[in-house]
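Just follow the structure's listing: the first ligand is 1, and inside any ligand the first atom is 1.
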Amino acid sequence: MSAVRVFAPATVANVACGFDTLGFALDAPGDIVEAVRQGPPGVRITTITGDGGRLPLEAAANTAGVAVLALLAALDDRGTGIELALHKQMPLGSGLGSSAASSVAAAVAANEVLGRPFDRAALLPFVMQAEKIACGAAHADNVAPALLGGFVLVRSYEPLDTVRLPFPDDLHAAVVHPHIELLTADARNVLRKTIRLDQAIEQWSNLAGLIAGLTLGDHALIGRSLKDTLIEPVRSMLIPGFDAAKQAALDAGALGCSISGSGPSIFALTRGRADAESAADAMVRALETYQLGSDRFVSRINPHGAVVL
Ligand code: HSE
């Protein structure tokens, strides 16, 4: 049986005002998973590269393995053996959807070697189970865009209802990953569990404005709406130099800037690639003044999501 290799991309979740409900896919970085149908029944992870030995080989404890176990369980398949090789090509604990890239690549690869019993969107519940073991919450704002590509709104979790949103072709993202690690579970634990009505109104007005801006191709409206008055003020305290990096991105022409997922990565959206390059450089320089090194990524919005290589 021949192996199937799948690439799944990094993602920016939350997108400022859309906590747990909005995310988009980048072209790079991302993870590669190779799946092959062979061996005794069950899921085995044979190799992991690029993780510095930190991720578990045990399938039930690894997001790639959990997604494929969930897929086999949904098929009530107790006879098939699937072996996975996971090639991590992105940092752990970065706020770029690292666990989601692994689980999505694994689910898509396993689905292919099984003859594609599920369409893409039907894989979503399996990769959400993987997010649950990764951080304790089955949020879909990384896995949905990694799987489906583009900008994805998770309108409802029960029942699961996702919407792929239109976006202007020239929209680009500048992302910097400061060299500190923040676990999503920890970055969720610091959040307040209740908010006031006036705060809720401000947040959902911005989310509605962002979606209207994406749909209408109104860059100025996108920029005005990229505001997070609930989560960013709390989490940004965990990211040294965040305020300076954000101001630098805005000064360099970004439409807006906020924390990518649960951080510490910071993203900015821009009109065109040239502004994204400038915003990324400006953020890197701002973080350097805080003695913080960082990696930078510039990408269009990746419309494809995971791809079979
Ligand atoms: N919506 C999730 C959070 C994304 O912010 O906790 C985690 O990458």
Side-chain angles (χ1 to χ4, degrees), residues 8-26 29-31 55 63-64 66-67 88 90-105 124 127-148 151-158 160-163 165 173 175-178 180-193 195 199-200 203-204 206-207 210-211 226-239 242 246 256-267 297 299 302 305:
T11 42
V12 170
N14 300 337
V15 200
C17 44
F19 180 70
D20 276 1
T21 70
L22 193 61
F24 64 84
L26 300 172
D31 287 346
L55 294 176
T63 62
V66 169
K88 292 293 307 172
M90 52 186 296
L92 309 178
S94 59
L96 292 171
S98 176
S99 58
S102 299
S103 64
V104 166
L124 201 47
V127 288
M128 285 172 63
Q129 287 193 35
E131 287 296 64
K132 189 154 192 188
I133 68 134
C135 75
H139 61 90
D141 48 346
N142 290 112
V143 284
L147 188 64
L148 304 172
F151 254 94
V152 183
L153 170 73
V154 186
R155 191 206 58 84
S156 158
Y157 279 86
E158 296 276 350
L160 190 58
D161 183 6
T162 58
V163 185
L165 300 169
V175 181
V176 295
H177 168 234
I180 51 174
E181 193 173 301
L182 211 50
L183 294 180
T184 297
D186 296 338
R188 293 180 81 86
N189 282 338
V190 297
L191 299 177
R192 291 186 291 263
K193 300 294 176 281
I195 57 169
Q199 295 175 306
Q203 194 85 351
W204 68 50
N206 280 319
L207 180 56
L210 176 55
I211 290 167
L226 278 171
K227 294 205 173 70
D228 171 11
T229 51
L230 290 181
I231 311 295
E232 183 186 299
V234 183
R235 283 184 171 170
S236 62
M237 290 190 280
L238 306 173
I239 308 169
F242 172 81
K246 177 173 175 172
C257 176
S258 189
I259 300 169
S260 174
S262 55
S265 292
I266 305 167
F267 82 96
F297 307 98
S299 173
N302 169 355

Sole candidate of Asp161, Thr162, Thr21 that passes side-chain hydrogen bond (donor to acceptor under 3.5 Å, both in side chains) when paired with Arg155
Asp161

Using the rule given for side chain to side chain contact (heavy atoms under 4.5 Å, CB included), can you reason through Asn14 versus Ile259, listing the C-alpha separation, both sets of side-chain angles and the distance that settles it, and then say yes or no?
CA-CA 8 Å; Asn14 300 337; Ile259 300 169; over 6 Å; no

Check side chain to side chain contact (heavy atoms under 4.5 Å, CB included) between Ile133 and all other residues, then give those that pass, not counting sequence neighbours.
Thr63, Val66

Those residues that, when tested against Asp186, pass side chain to side chain donor-acceptor pair (under 3.5 Å) (two or more places apart):
none

So which residues, sorted by chain and number, lie with a heavy atom under 4.0 Å of ligand 1?
Ala13, Asn14, Phe19, Asp20, His139, Asp141, Asn142, Thr184, Arg188, Arg235, Gly261, Ser262

Looking just at side-chain N and O atoms, do Ser99 and Glu131 make a donor-acceptor pair shorter than 3.5 Å?
yes

Test of understanding: with salt bridge (Lys or Arg N to Asp or Glu O under 4.0 Å), list the residues that count as partners of Lys88, not counting sequence neighbours.
Asp31

